[in-house]
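Just so we're on the same page: letters track the sequence lines, and every chain starts at 1.
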Amino acid sequence: MVNELLVLDQKKVDQARDLARAIAQNVQREIELNTTVSIERTAARLYGIDGVDRFGVPLPNVVVDQVLEAGGLDRGISYWLANAVVALGKTPQAVAEACGEGLNLCSLPPQDPEKWAAVEREYVPKALDAIFEQRKKREAAKERLGVGSEPLKYVIVATGNIFADVEQAKTAARHGADVIAVIRTTGQSLLDYVPYGTTTEGVGGTYATQANFKVMRQALDEVSEEVGRYIQLVNYCSGLCMPEIAAMGALERLDMMLNDAMYGILFRDINMDRTFADQYFSRMINAYAGIIINTGEDNYLTTADAYEEAHTVLASNFINEQLGLAAGLENWQLGLGHAFEMDPKLKNGFLYEVAVAQTIRQIFPQAPLKYMPPTKHMTGDIFMGHVQNAMFNLASVITGQSIHLLGMLTEAIHTPHVADRVLSLENARYVMENARDLGSEISFKRDGIIQKRSEEIVDRVVEFLQEIKQLGLQGAISAGYFADIKRPRLGGRGRDGVIKKGLDYSNPFLTELKKRLGLGE
Amino acid sequence: MVNELLVLDQKKVDQARDLARAIAQNVQREIELNTTVSIERTAARLYGIDGVDRFGVPLPNVVVDQVLEAGGLDRGISYWLANAVVALGKTPQAVAEACGEGLNLCSLPPQDPEKWAAVEREYVPKALDAIFEQRKKREAAKERLGVGSEPLKYVIVATGNIFADVEQAKTAARHGADVIAVIRTTGQSLLDYVPYGTTTEGVGGTYATQANFKVMRQALDEVSEEVGRYIQLVNYCSGLCMPEIAAMGALERLDMMLNDAMYGILFRDINMDRTFADQYFSRMINAYAGIIINTGEDNYLTTADAYEEAHTVLASNFINEQLGLAAGLENWQLGLGHAFEMDPKLKNGFLYEVAVAQTIRQIFPQAPLKYMPPTKHMTGDIFMGHVQNAMFNLASVITGQSIHLLGMLTEAIHTPHVADRVLSLENARYVMENARDLGSEISFKRDGIIQKRSEEIVDRVVEFLQEIKQLGLQGAISAGYFADIKRPRLGGRGRDGVIKKGLDYSNPFLTELKKRLGLGE
Amino acid sequence: MAANGNLIRPYGSTPGDGQVQVSFTLPIKAGARAREAAKQLAGKMGLSDVQVVHMKDLHGFTYFILYGSVVHAVDLDRIPQVEEEELALSFDQINGLIEQELGRQIVVVGACTGTDAHTVGLDAIMNMKGYGGEYGLERYPMFDTYNLGSQVPNEVLLAKAREVGADAVLVSQVVTERNAHLKNLTELIEMAEAEGLRQDLIIIAGGPRIDQFLATELGFDAGFGPGTTPRQVAAYLAQEMVRRL
Amino acid sequence: MAANGNLIRPYGSTPGDGQVQVSFTLPIKAGARAREAAKQLAGKMGLSDVQVVHMKDLHGFTYFILYGSVVHAVDLDRIPQVEEEELALSFDQINGLIEQELGRQIVVVGACTGTDAHTVGLDAIMNMKGYGGEYGLERYPMFDTYNLGSQVPNEVLLAKAREVGADAVLVSQVVTERNAHLKNLTELIEMAEAEGLRQDLIIIAGGPRIDQFLATELGFDAGFGPGTTPRQVAAYLAQEMVRRL
Ligand code: B12
Ligand code: B12
Ligand SMILES: Cc1ncc(COP(=O)(O)O)c(C=O)c1O
Ligand SMILES: Cc1ncc(COP(=O)(O)O)c(C=O)c1O
């Protein structure tokens with residue numbers, strides 16, 4: 001499938017991958033020690049708990065917060081809920097509603113372990129089966145309708161209003177979009193709860209809520225039938241509610257999720273223990289739901305220089321791969337990210353860009369790579385911007401990228417207008433069809449700029465990963481190894497939501513997922 | 001210099017070139033038999049005759065028409081003028097002015113042959129020396145300032161008003177244009193005279209007049225100093241006044257001329273004997289003036305399909321080359337034309353396009369190829385148009401074209417606005433710098449689409465030229481071999497301006513040019 | 001889409017947000033005053049919340065790209081209904097209709113008039129080969145066609161129409177610089193009227209800048225713009241001939 | 001360039017030809033009526049000789065590109081003169097000026113306010129590294145800088161300004177959706193006034209949609225748009241401080 005345009009030194013690639021595996025294993029060991037409020041809220045959601053109390057607080061928060069306050073969360077929310085179900089003879093949802101009215105879970109008498117274990121045995125498989133149902137539904141739909149040809153054309157909608165988003169998404173699908181991402185409103189990632197219900201007010205994006213997921217998935221199901229192509233839906237499994245959103249997305253049949261092991265730490269200043277724990281559980285859910293994740297390496301290049309820092313993108317790809325595999329994701333689910341952010345004024349910038357894109361392509365031949373468009377160097381000159389996007393489209397088709405986030409000519413101006421998206425889709429269609437087989441037509445000179453640049457990056461990535469291994473990933477992040485940003489181990493948001501697991505801790509969803517995903521203890 | 005991206009069968013290329021040479025020689029034999037009113041008017045102009053009579057008729061027309069009417073043109077205008085100069089003791093200009101007032105050259109008594117021969121010996125070298133002076137001036141300026149790097153960025157101005165053109169041209173030069181072409185007003189090519197003086201009224205272009213040439217050359221000389229690059233000027237050495245315009249352009253230091261051996265026949269329905277004779281003399285002048293010609297093969301593709309008819313473009317390039325060499329042009333002066341007119345909807349159209357552009361590049365390694373932009377498939381969608389132009393810019397830099405006529409995003413709408421040109425220049429600069437060395441980085445697969453397409457075209461061109469040789473070029477044109485247009489030998493405009501040379505015919509300018517160009521008799 | 005029944009406004013991201021994109025060049029050098037001049041011009045055009053997103057100095061001129069929300073709306077009720085498109089008849093249906101209803105060929109004469117030499121569009125409609133995968137009129141058994149080609153003076157076109165007893169005259173105009181097309185088209189109708197030919201002929205115009213509204217305003221029976229297929233023209237002519245019976 | 005002294009109009013090909021390009025989407029399906037609606041809207045915007053050069057159906061919406069000649073002109077005399085740009089002082093000149101005239105460092109506090117997390121622009125101005133090959137304020141010996149980073153509430157910014165005895169406050173606003181920037185900027189000035197800080201501070205704003213006119217209208221001392229270099233800001237601050245002595 002992948003054209004071998006470059007000659008890679010497989011030994012070095014293997015070495016880099018081994019280093020990343022070792023780095024990931026070290027992180028993984030620490031992940032196992034902690035749980036987080038969001039992991040526990042996810043468990044609550046998987047028990048079927050949804051809705052808000054009379055103050056508008058989501059019930060998963062209500063139950064988890066009260067247990068946290070009572071100091072009982074190191075046992076895991078599952079125990080407390082199951083215990084309450086037995087004690088009160090109510091469904092978990094009814095229990096949570098009661099909590100909303102004042103009930104305190106920790107004040108209920110402990111029940112017969114056999115009984116609450118039975119409750120877990122009832123609810124846990126039910127939840128996971130529901131997720132698997134959606135997976136089968138997706139697979140059947142993909143099978144029946146197809147998904148468009150790679151590079152898949154991925155566009156964003158971001159009106160702030162889910163119903164307006166639906167209109168924009170449908171129009172995009174009708175004009176060739178294969179994948180629709182609903183961008184989140186500014187700052188949602190820092191909310192330590194997931195808002196409830198359909199929403200119409202957002203700045204620069206639309207709230208990620210389960211109801212909004214459902215509205216959009218249904219609209220896309222309709223338009224999929226109309227256009228004869230299964231249109232995939234994306235949202236953000238990221239921020240302080242990462243695993244909850246994974247659960248919501250799995251249940252509402254989202255198809256892809258932005259989901260990165262380090263993004264929250266670096267770009268949202270979220271505590272690293274929180275993030276590492278959250279990403280692990282969220283990825284297990286994504287893995288089991290058959291969802292493709294999109295990692296966020298493109299973000300490195302919005303502040304750092306794409307030429308100078310190319311190797312950090314690749315290093316992060318390696319780490320995301322290993323942490324992803326550790327969470328049960330398969331290679332076809334690893335939409336590792338990178339971006340076309342080379343300075344347009346750089347002579348031969350296109351060659352350097354192709355070198356990186358092709359290197360990543362060959363190193364991760366089975367991964368559905370996600371290629372991000374020019375953003376940083378886009379200006380108000382929409383005409384030039386459209387050309388920058390054309391070159392990006394070309395780089396993508398030459399190097400055989402999988403998921404192609406379309407650049408918008410108005411990137412520097414506003415979230416896309418309805419026509420912007422259509423213009424971009426037409427740009428991509430033209431360039432990609434016009435140069436469809438160029439990647440299989442050419443080869444690069446052995447001593448050429450592109451090959452040399454590729455070799456340089458691979459060399460640098462090995463060095464870089466060696467240093468990271470030395471420091472430990474947490475140490476490296478603290479030392480500013482990625483995106484020039486230093487994040488101390490003990491700093492960052494959401495740190496008080498990290499709880500050391502008690503000896504009696506249990507999360508039966510995680511345990512069951514491990515089993516179903518075939519992950520050893 | 002030229003990257004050998006394709007493997008060409010040199011035997012076939014040689015065969016095609018031999019066929020074209022034979023075809024050209026046959027045409028050349030017939031060219032020698034005729035003169036034309038425009039050739040004779042050119043001689044008059046080279047005697048220094050300029051200006052108009054009181055009815056506004058250009059004096060070169062006045063003198064030539066009266067001799068034609070009197071049946072004396074088969075001797076050549078030079079004799080009649082020289083004779084009058086001797087008879088009246090006036091300068092040729094004064095003689096011509098007198099003709100404007102009623103003098104008839106043919107009614108003057110024949111003078112001592114020695115005397116009028118002496119007049120010729122005085123005026124002919126003077127005229128040619130003046131041309132050569134301009135050539136040296138250009139060469140010095142090019143040497144001193146440089147001319148920009150290839151592909152040279154060539155833009156058109158076409159306001160209809162020479163003074164407005166000047167503004168637009170300067171702005172273009174300041175934003176990166178290397179070459180400025182002043183487009184001619186609709187229909188000038190069918191005028192059998194060259195208008196006089198500066199002009200401000202034209203539709204879709206500006207009159208080509210000697211005064212306009214001078215105004216623009218001076219403006220460009222100024223801006224050349226300002227931008228530190230010698231900005232080259234182009235006009236149309238084409239239509240019924242082809243050789244006159246060559247003379248005007250040579251004297252006013254134009255740097256390039258649209259000048260094709262067959263364009264007038266095919267696209268302006270000008271008689272073929274007229275065109276062949278005119279192109280020969282005009283090219284001798286261009287050759288001696290050090291002017292680069294631009295041939296018009298792009299025009300084939302404005303009506304015919306670029307995929308189907310690619311070989312006709314190449315065949316015409318071969319013929320233009322041979323007729324050009326026969327007129328004393330050197331390889332570095334042969335700006336053979338071709339065009340990026342592939343249907344944008346054609347899958348892999350870019351590959352087919354690159355195949356042709358690269359084939360032509362390798363077949364004519366020393367020629368300053370002129371590559372024309374998409375025009376026919378440009379629509380009112382200026383955004384898509386800008387992307388089509390980007391792909392054209394890319395094809396050009398990959399295949400190492402020399403003279404690159406910038407596509408305008410508004411091609412389907414209007415002659416370029418001042419900002420359109422700047423947007424196009426920025427498009428070209430970005431794409432070409434960003435992919436500057438791509439052409440030397442890659443090679444094409446031996447069994448790939450591009451290589452195969454190239455082979456197919458070379459095969460077809462050999463067949464095609466074989467057929468043309470059989471029919472003779474005139475026969476082939478009559479039979480509709482080019483651009484699907486049939487032009488009978490005896491049809492077409494300007495045929496009554498073709499005169500069989502008498503036994504006593506002489507054109508001392510042509511004779512002297514032959515000598516100076518080293519062309520055998 | 002709009003508060004008031006038939007008023008519509010541009011739409012970018014949310015219904016009725018009025019978003020438009022504008023670009024132009026002003027004869028002033030780039031800078032704060034130039035940007036303000038651009039904003040004021042946009043204001044006069046009815047834009048509010050104007051964003052000058054690009055300002056490029058062209059040496060004494062400045063090129064601008066801007067976005068804003070236009071205050072104007074269009075009342076759809078004030079736009080005359082036009083037959084959006086003739087019934088989509090097939091090649092065979094068209095020939096059938098003519099044969100049945102007229103019982104004879106429709107005679108059409110076409111030309112690119114004035115100094116216009118752009119024949120591709122007219123050829124696309126009239127010649128065998130056609131356009132967009134559809135045959136041209138010449139291929140229809142029930143059309144008798146005369147394509148006079150390029151740069152045909154209006155009088156020559158009308159003379160030919162009279163000579164062959166044409167039912168319809170087809171004019172193509174591509175060059176629009178200095179409104180060349182308007183002059184040529186107006187002249188044709190005036191001539192046809194002066195010669196008393198107007199009411200006996202279906203006279204239609206086509207070209208990239210022609211549309212139904214413009215054409216009828218200029219006194220033509222119909223106008224055809226970019227992307228017209230020969231079948232649309234054939235269908236129109238057949239049905240119009242039948243209407244005129 | 002224009003008949004009347006200081007009136008200017010857009011220019012495409014010939015002086016004063018008024019040529020503008022416009023694009024927008026209307027909530028109506030493509031066709032003859034849609035094209036006419038677009039023309040009418042353009043007419044209301046003051047365009048004459050409107051050419052609809054592109055009409056694309058977006059399923060119920062239609063996207064248009066059009067050209068026309070705008071009748072409006074802008075009177076340059078009505079545009080207030082602004083100091084187009086501060087005297088272009090060099091790094092050393094700026095430091096020299098401050099040292100000589102003030103004899104002490106200028107203290108500046110900067111932040112991306114409200115929910116805005118786009119720090120790149122402010123960093124470009126304030127941090128060591130700078131922008132476009134020029135050092136940021138932090139590198140100037142005569143500036144004492146505090147960059148508070150992203151998502152800073154206005155009250156926190158002002159509190160810090162008071163705390164460090166700032167001479168100048170630098171605010172960056174990049175997100176403009178739903179006019180978020182206008183709200184944040186207005187609030188800041190109101191707070192500063194309420195707290196009696198306004199007149200003791202130079203308060204300036206920057207961002208891709210900020211300019212001198214907008215900023216002064218909102219009560220700021222100056223506004224800086226796209227492409228601003230740190231040296232421009234440093235030069236402005238130095239000279240403004242001197243003016244205020
Ligand atoms: C090909 C072409 C040429 C060819 C023409 C070959 C030929 N035999 O036709 C050549 C190279 C000769 C040429 C020359 C010139 N051209 Co020219 N040309 C073009 C080009 C690239 C494409 C036109 C085309 O073929 N379109 C394809 C056809 C199928 O589309 P169409 O004409 O719109 O036709 C469709 C409909 O409009 C409709 N239609 C059209 N006619 C009719 C008639 C009827 C009755 C009906 C029912 C329908 C109908 O149906 C058709 C099919 O859908 C355009 C740019 C562009 N991309 O549009 C410039 C363009 C039209 N040319 C232009 C100019 C200025 C010229 C010149 C004057 C330049 C010069 N100074 O030398 C010359 C002079 C020609 C002259 N005397 O008219 C300008 C016109 C500017 C303006 N708005 O006035 C354009 C827009 C380019 C530009 N931006 O400068 N040109
Ligand atoms: C990089 C980037 C990001 C990065 C920011 C990283 C960082 N640490 O800053 C990340 C990925 C985090 C991001 C996130 C988002 N972004 Co963002 N982002 C951009 C992008 C691509 C580039 C901005 C940039 O860095 N420009 C380069 C700097 C140097 O330019 P500048 O800011 O204009 O600054 C210059 C001048 O304006 C001036 N200046 C600026 N500030 C100041 C201050 C002072 C005092 C002075 C004197 C001068 C000055 O000087 C600077 C140097 O010349 C733009 C698109 C674009 N190409 O512009 C979108 C863009 C700004 N983002 C946008 C959006 C919507 C978002 C999100 C809300 C999306 C979402 N829903 O998740 C989030 C949320 C962020 C938030 N809470 O604010 C929109 C804003 C739309 C609008 N008009 O409101 C844009 C336009 C993209 C788009 N089309 O959708 N983004
Ligand atoms: C992995 C990942 N998560 C989240 C985001 C941004 O969203 P938010 O601001 O909601 O965190 C991005 C942005 O590109 C991303 O790559
Ligand atoms: C060789 C040549 N001459 C002339 C022209 C067109 O000009 P005119 O209409 O003045 O003949 C072209 C057009 O492309 C050309 O290629």
**Student:** Which of the residues C/A42, C/A73, C/G225 is involved in the greatest number of heavy-atom pairs with chain D at under 4.5 angstrom?
**Tutor:** C/A73
**Student:** Hey, what's the ring geometry for D/Y11 with C/F61, parallel, tilted or perpendicular (30° and 60° as the breaks)?
**Tutor:** parallel
**Student:** Checking the side chain of D/T62 only, and the main-chain atoms of D/I28 only, is there a donor and an acceptor separated by less than 3.5 Å?
**Tutor:** yes
**Student:** Where does D/L76 contact chain C at under 4.5 Å (heavy atoms): side chain, backbone, both or neither?
**Tutor:** both
**Student:** D/Y135 vs D/F91 aromatic rings, parallel, tilted or perpendicular, using cut-offs 30° and 60°?
**Tutor:** perpendicular
**Student:** With a 4.5 angstrom heavy-atom cut-off, is it the side chain or the backbone of C/V70 that approaches chain D, or both, or neither?
**Tutor:** side chain
**Student:** For chain D, which candidate among C/R209, C/R78, C/M55 shows the most heavy-atom pairs at distances under 4.5 Å?
**Tutor:** C/R209
**Student:** I'd like to know if D/E36 and D/R33 make a salt bridge, using a cut-off of under 4.0 Å between side-chain N and carboxylate O.
**Tutor:** no
**Student:** Among C/L182, C/L26, C/I79, which has the most heavy-atom pairs under 4.5 Å with chain D?
**Tutor:** C/I79
**Student:** Checking heavy atoms, do the side chain of D/Q19, its backbone, both or neither come under 4.5 Å from chain C?
**Tutor:** backbone
**Student:** For chain D, find which of C/V71, C/V52, C/V53 contributes the most heavy-atom pairs closer than 4.5 angstrom.
**Tutor:** C/V53
**Student:** Using the six-membered ring wherever Trp is involved, compare the ring planes of C/F64 and C/F24 and label them parallel, tilted or perpendicular (cut-offs 30° and 60°).
**Tutor:** tilted
**Student:** What part of D/L47 gets closer than 4.5 Å to chain C, counting heavy atoms only: side chain, backbone, both or neither?
**Tutor:** side chain
**Student:** Identify all side-chain donor-acceptor contacts of residues 216-223 of chain D below 3.5 Å with residues at least two apart in sequence or on another chain.
**Tutor:**
unit_1: D/T216; atom_1: OG1; unit_2: D/Q212; atom_2: O; d: 2.9
unit_1: D/T216; atom_1: OG1; unit_2: D/F213; atom_2: O; d: 3.1
unit_1: D/D221; atom_1: OD1; unit_2: D/R198; atom_2: NH2; d: 3.3
unit_1: D/D221; atom_1: OD1; unit_2: D/R244; atom_2: NH2; d: 3.1
unit_1: D/D221; atom_1: OD2; unit_2: D/R198; atom_2: NH1; d: 3.4
unit_1: D/D221; atom_1: OD2; unit_2: D/R198; atom_2: NH2; d: 3.0
unit_1: D/D221; atom_1: OD2; unit_2: D/I203; atom_2: N; d: 2.8
unit_1: D/D221; atom_1: OD2; unit_2: D/R244; atom_2: NH2; d: 3.4

**Student:** Quick one: what part of C/T176 sits under 4.5 Å from any heavy atom of chain D, side chain, backbone, both or neither?
**Tutor:** side chain
**Student:** Under 4.5 Å between any side-chain heavy atoms of C/I210 and C/L185, yes or no?
**Tutor:** yes
**Student:** Just so I understand: if I count every heavy-atom pair under 4.5 Å between each of C/D211, C/L214, C/I65 and chain D, which residue has the most?
**Tutor:** C/D211
